[in-house]
Amino acid sequence: MTMATNGIQFDCNSESELQCDSWAKSKNTVQAVILNYFKEALEAHPEDFSGDVATFKKEYDKDRACFKLLIYRDTLCKGFSVAFTITILNKTYYLSCINTKELRFKEGDPPQKIDGSTSDVIFYQKNASKGDPSSFVFESALGQGYFLAFKNEDGKHKLTLKRPEDQVDERTHFRTVSKKS
(Lines give C-alpha, C1' and ligand atoms only; values in the text may rest on other atoms or scores of the structure.)
Protein backbone atom coordinates (compact mmCIF):
# COMPACT_ATOMS: atom_id res chain seq x y z
CA MET A 1 0.00 0.00 0.00
CA THR A 2 1.38 3.42 -0.93
CA MET A 3 0.69 6.45 1.25
CA ALA A 4 1.49 10.13 0.82
CA THR A 5 1.50 13.09 3.20
CA ASN A 6 3.61 16.19 3.71
CA GLY A 7 4.77 15.81 0.10
CA ILE A 8 6.39 12.42 0.79
CA GLN A 9 5.20 9.22 -0.83
CA PHE A 10 6.28 5.80 0.40
CA ASP A 11 5.34 2.15 0.54
CA CYS A 12 4.16 1.55 4.11
CA ASN A 13 4.69 -2.21 4.19
CA SER A 14 7.92 -3.09 2.45
CA GLU A 15 7.88 -6.83 3.10
CA SER A 16 11.61 -7.30 2.47
CA GLU A 17 12.69 -5.56 5.69
CA LEU A 18 9.70 -5.80 8.04
CA GLN A 19 8.25 -8.71 9.92
CA CYS A 20 4.58 -8.89 10.84
CA ASP A 21 3.51 -6.10 13.22
CA SER A 22 6.59 -3.89 13.19
CA TRP A 23 7.94 -0.47 12.20
CA ALA A 24 11.28 0.51 10.68
CA LYS A 25 12.61 4.05 10.42
CA SER A 26 12.74 5.24 6.81
CA LYS A 27 15.23 7.77 5.43
CA ASN A 28 12.42 10.32 5.02
CA THR A 29 11.90 13.09 7.56
CA VAL A 30 9.84 16.25 7.71
CA GLN A 31 11.13 19.33 9.54
CA ALA A 32 8.07 21.23 10.78
CA VAL A 33 6.48 23.54 13.31
CA ILE A 34 3.27 22.03 14.74
CA LEU A 35 0.37 24.47 15.10
CA ASN A 36 -2.83 23.97 17.08
CA TYR A 37 -6.34 25.25 16.30
CA PHE A 38 -5.43 28.72 17.66
CA LYS A 39 -2.31 28.88 15.41
CA GLU A 40 -0.06 28.54 18.45
CA ALA A 41 3.20 26.63 17.93
CA LEU A 42 4.12 23.55 19.93
CA GLU A 43 7.20 24.31 22.03
CA ALA A 44 9.23 21.52 23.70
CA HIS A 45 10.65 21.72 27.22
CA PRO A 46 12.10 18.23 27.80
CA GLU A 47 14.02 19.38 30.87
CA ASP A 48 10.79 20.43 32.63
CA PHE A 49 9.46 17.62 34.82
CA SER A 50 6.55 19.65 36.23
CA GLY A 51 4.16 18.57 33.49
CA ASP A 52 4.91 21.44 31.09
CA VAL A 53 7.04 19.31 28.75
CA ALA A 54 5.27 20.73 25.70
CA THR A 55 3.10 23.83 25.50
CA PHE A 56 1.58 25.88 22.71
CA LYS A 57 2.56 29.53 22.37
CA LYS A 58 1.75 32.43 20.00
CA GLU A 59 5.30 33.76 20.37
CA TYR A 60 7.65 30.81 20.50
CA ASP A 61 11.34 29.97 20.64
CA LYS A 62 12.11 28.58 17.17
CA ASP A 63 14.81 26.29 18.62
CA ARG A 64 12.16 24.64 20.80
CA ALA A 65 9.43 24.53 18.13
CA CYS A 66 11.09 23.05 15.03
CA PHE A 67 10.39 19.33 15.22
CA LYS A 68 11.74 16.61 13.00
CA LEU A 69 9.03 14.07 12.19
CA LEU A 70 10.79 10.77 11.57
CA ILE A 71 8.80 8.62 9.19
CA TYR A 72 8.49 4.91 9.82
CA ARG A 73 7.43 2.18 7.41
CA ASP A 74 5.01 -0.26 8.97
CA THR A 75 3.11 -3.46 8.32
CA LEU A 76 -0.15 -2.23 9.86
CA CYS A 77 -0.87 0.74 7.53
CA LYS A 78 -3.13 2.49 10.05
CA GLY A 79 -1.85 5.88 8.93
CA PHE A 80 1.33 7.78 8.26
CA SER A 81 3.63 6.53 11.07
CA VAL A 82 5.81 9.25 12.62
CA ALA A 83 7.95 9.87 15.70
CA PHE A 84 8.48 13.42 17.00
CA THR A 85 12.09 14.45 17.71
CA ILE A 86 13.67 17.77 18.55
CA THR A 87 17.24 18.92 19.14
CA ILE A 88 17.78 21.48 21.90
CA LEU A 89 21.23 22.63 23.03
CA ASN A 90 22.87 19.81 21.01
CA LYS A 91 20.76 17.11 22.70
CA THR A 92 18.17 15.10 20.80
CA TYR A 93 14.86 14.14 22.43
CA TYR A 94 11.88 12.12 21.24
CA LEU A 95 8.26 12.28 22.35
CA SER A 96 7.04 9.20 24.21
CA CYS A 97 3.74 8.10 25.75
CA ILE A 98 4.14 7.08 29.38
CA ASN A 99 0.57 5.76 29.40
CA THR A 100 -2.63 6.69 27.59
CA LYS A 101 -2.68 10.18 29.15
CA GLU A 102 0.90 11.26 29.85
CA LEU A 103 3.65 12.38 27.47
CA ARG A 104 7.37 12.87 28.11
CA PHE A 105 10.46 13.62 26.07
CA LYS A 106 13.23 11.05 26.37
CA GLU A 107 16.83 11.94 25.60
CA GLY A 108 18.37 10.15 22.60
CA ASP A 109 17.13 8.89 19.27
CA PRO A 110 14.03 6.72 18.87
CA PRO A 111 14.70 3.11 17.85
CA GLN A 112 15.50 2.22 14.24
CA LYS A 113 13.15 -0.78 14.39
CA ILE A 114 10.15 -1.39 16.64
CA ASP A 115 8.60 -4.85 16.96
CA GLY A 116 5.00 -5.45 18.00
CA SER A 117 1.65 -3.85 17.26
CA THR A 118 1.93 -1.01 19.81
CA SER A 119 4.59 1.62 20.42
CA ASP A 120 5.08 4.47 22.89
CA VAL A 121 6.99 6.42 20.21
CA ILE A 122 4.81 6.11 17.09
CA PHE A 123 1.88 8.36 16.20
CA TYR A 124 -0.34 7.80 13.17
CA GLN A 125 -0.69 11.07 11.27
CA LYS A 126 -4.10 11.14 9.59
CA ASN A 127 -6.15 13.80 7.83
CA ALA A 128 -8.51 15.40 10.35
CA SER A 129 -11.25 15.94 7.77
CA LYS A 130 -11.78 15.25 4.10
CA GLY A 131 -12.59 18.90 3.46
CA ASP A 132 -9.28 20.20 4.85
CA PRO A 133 -6.19 18.28 3.65
CA SER A 134 -3.83 20.48 5.71
CA SER A 135 -5.37 19.59 9.09
CA PHE A 136 -4.10 16.45 10.83
CA VAL A 137 -4.68 14.33 13.91
CA PHE A 138 -1.99 12.19 15.53
CA GLU A 139 -3.25 8.92 17.03
CA SER A 140 -1.08 7.15 19.57
CA ALA A 141 0.15 3.69 18.56
CA LEU A 142 0.22 2.85 22.29
CA GLY A 143 -3.41 3.67 23.08
CA GLN A 144 -5.83 3.16 20.20
CA GLY A 145 -8.36 6.00 20.07
CA TYR A 146 -6.09 8.40 22.01
CA PHE A 147 -4.83 11.43 20.10
CA LEU A 148 -2.37 14.22 20.66
CA ALA A 149 -4.41 17.20 21.84
CA PHE A 150 -4.08 20.38 23.80
CA LYS A 151 -5.72 21.14 27.09
CA ASN A 152 -6.10 24.44 28.90
CA GLU A 153 -4.43 24.18 32.30
CA ASP A 154 -3.16 27.00 34.52
CA GLY A 155 -3.69 29.49 31.68
CA LYS A 156 -1.51 27.46 29.27
CA HIS A 157 -2.33 25.20 26.34
CA LYS A 158 -0.47 21.98 27.16
CA LEU A 159 0.14 18.96 24.95
CA THR A 160 -1.70 15.87 26.16
CA LEU A 161 -3.30 12.64 24.97
CA LYS A 162 -7.07 12.39 24.91
CA ARG A 163 -9.91 10.36 23.53
CA PRO A 164 -12.01 12.78 21.44
CA GLU A 165 -15.57 13.35 22.60
CA ASP A 166 -16.82 13.69 19.04
CA GLN A 167 -15.57 13.58 15.44
CA VAL A 168 -14.94 17.34 15.26
CA ASP A 169 -12.78 17.97 18.33
CA GLU A 170 -10.55 20.91 17.34
CA ARG A 171 -8.31 20.24 20.34
CA THR A 172 -6.94 17.24 18.43
CA HIS A 173 -6.47 19.05 15.08
CA PHE A 174 -3.01 20.28 14.07
CA ARG A 175 -1.23 21.76 11.07
CA THR A 176 2.38 21.13 10.16
CA VAL A 177 4.33 24.02 8.67
CA SER A 178 7.37 22.59 6.92
CA LYS A 179 10.76 24.17 7.59
CA LYS A 180 14.03 23.81 5.73
CA SER A 181 16.67 21.76 7.53
Side-chain angles (χ1 to χ4, degrees), residues 1-10 12-13 21 23 25-26 28-44 51 53-58 60 65-86 93-105 110 114 116-153 156-179:
M1 171 188 233
T2 300
M3 300 183 80
T5 191
N6 289 327
I8 295 175
Q9 194 168 28
F10 71 102
C12 68
N13 55 359
D21 294 345
W23 291 272
K25 195 185 304 181
S26 79
N28 295 322
T29 62
V30 175
Q31 196 92 0
V33 172
I34 312 298
L35 301 176
N36 68 7
Y37 178 75
F38 296 111
K39 298 182 181 165
E40 298 168 321
L42 179 61
E43 192 176 271
V53 295
T55 56
F56 291 90
K57 297 182 176 180
K58 282 275 186 207
Y60 59 90
C66 194
F67 288 84
K68 186 181 281 186
L69 301 181
L70 304 179
I71 300 166
Y72 282 75
R73 293 185 320 273
D74 72 295
T75 57
L76 303 172
C77 296
K78 291 184 178 179
F80 195 68
S81 301
V82 299
F84 290 78
T85 66
I86 192 159
Y93 301 90
Y94 62 94
L95 187 62
S96 174
C97 300
I98 303 303
N99 52 46
T100 57
K101 301 213 188 230
E102 193 175 351
L103 298 163
R104 289 280 180 255
F105 282 99
I114 302 167
S117 60
T118 63
S119 170
D120 63 333
V121 174
I122 298 293
F123 294 88
Y124 298 115
Q125 180 179 339
K126 303 175 180 181
N127 281 51
S129 70
K130 292 180 181 174
D132 186 0
S134 65
S135 181
F136 301 103
V137 293
F138 294 94
E139 183 178 13
S140 170
L142 183 65
Q144 184 178 1
Y146 283 87
F147 293 81
L148 289 180
F150 66 92
K151 65 179 177 180
N152 192 1
E153 187 176 288
K156 299 177 185 176
H157 287 146
K158 297 181 181 182
L159 186 66
T160 189
L161 282 170
K162 76 175 294 242
R163 188 179 290 271
E165 294 152 15
D166 57 41
Q167 290 289 78
V168 188
D169 188 343
E170 283 89 9
R171 292 171 292 179
T172 64
H173 293 202
F174 299 98
R175 295 185 187 286
T176 58
V177 179
S178 295
K179 299 291 179 187

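In this text the structure is predicted, and so the values were computed from the model without any measurement. Residues: numbered from 1 along the sequence shown.
- Without hydrogens or angle criteria, Ser135 side chain to Ala128 main chain gives no donor-acceptor distance under 3.5 Å.
- For the atom pair Leu161 CG and Leu148 CG, the distance stands at 5.5 Å (nearest 0.5 Å).
- The two residues Glu139 and Phe147 have their closest heavy-atom pair at CB-CE2, 3.4 Å.
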Legend entry - Test log, rule side-chain contact (heavy atoms from CB on, under 4.5 Å), inputs Val30 and Thr176: CA-CA 9 Å; Val30 175; Thr176 58; 5.7 Å; no

Inset, instruction - Show the numbers, then the answer: is there a side-chain contact (heavy atoms from CB on, under 4.5 Å) between Val137 and Phe174? - result: CA-CA 6 Å; Val137 293; Phe174 299 98; over 6 Å; no

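- Taking both residues in full, the closest heavy atoms of Thr118 and Ile114 are given as O-CG2, 4.5 Å, listed atom of the first, atom of the second, then distance.
- Nearest heavy-atom pair, Glu170 versus Phe150, reported as atom, atom and distance to 0.1 Å: O-CE2, 3.9 Å.
- One distance of note links OH of Tyr60 with CG of Leu35; it measures 7.0 Å at 0.5 Å rounding.
- Atom CZ in Arg73 sits 9.0 Å away from atom CG in Asn28 (nearest 0.5 Å).
- The 12-atom threshold is not exceeded at CD of Gln144, counting heavy atoms of other residues, nucleotides or ligands nearer than 6.0 Å.
- When all heavy atoms of Ala41 and Ala65 are compared, the pair lying nearest together is CB-CB, 4.5 Å.
- Arg175 and Ser134 are linked by a side-chain donor-acceptor pair at a separation below 3.5 angstrom, with hydrogens and angles left out of the test.
- The CG atom of Leu42 sits 8.0 Å away from the CG atom of Leu95 when rounded to the nearest 0.5 Å.
- Residues Ser140 and Phe123 meet the side-chain proximity criterion, which asks for heavy atoms closer than 4.5 Å.
- Counting all heavy atoms, side chain and backbone alike, Phe56 lies closest to Ile34 at CE2-O, 4.3 Å.
- To the nearest 0.5 Å, atom CD1 of residue Ile122 and atom CG of residue Leu142 are 11.5 Å apart.
- Here the CZ-CG distance, from Phe138 to Leu69, works out to 6.0 Å after rounding to the nearest 0.5 Å.
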Inset, instruction - Give the C-alpha distance, both sets of side-chain angles, the deciding distance and a yes or no for side-chain contact (heavy atoms from CB on, under 4.5 Å) between Thr29 and Ile71. - result: CA-CA 6 Å; Thr29 62; Ile71 300 166; 5.8 Å; no

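- Ring centers of Phe80 and Phe136: at least 6.0 Å apart, outside the cut-off.
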Inset, instruction - Please step through side-chain contact (heavy atoms from CB on, under 4.5 Å) for the pair Thr160 and Glu153, ending with a clear verdict. - result: CA-CA 11 Å; Thr160 189; Glu153 187 176 288; over 6 Å; no

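- Closest approach of Pro110 and Leu70 over heavy atoms only: CG-CD1, 3.5 Å.
- A side chain to side chain donor-acceptor pair (under 3.5 Å) with Glu40 holds for exactly one of His157, Lys156, Lys58, Lys57; it is His157.
- Below 30°, between 30° and 60°, or above 60°: for Phe67 and Phe105 the angle between ring planes is below 30°, a parallel geometry.
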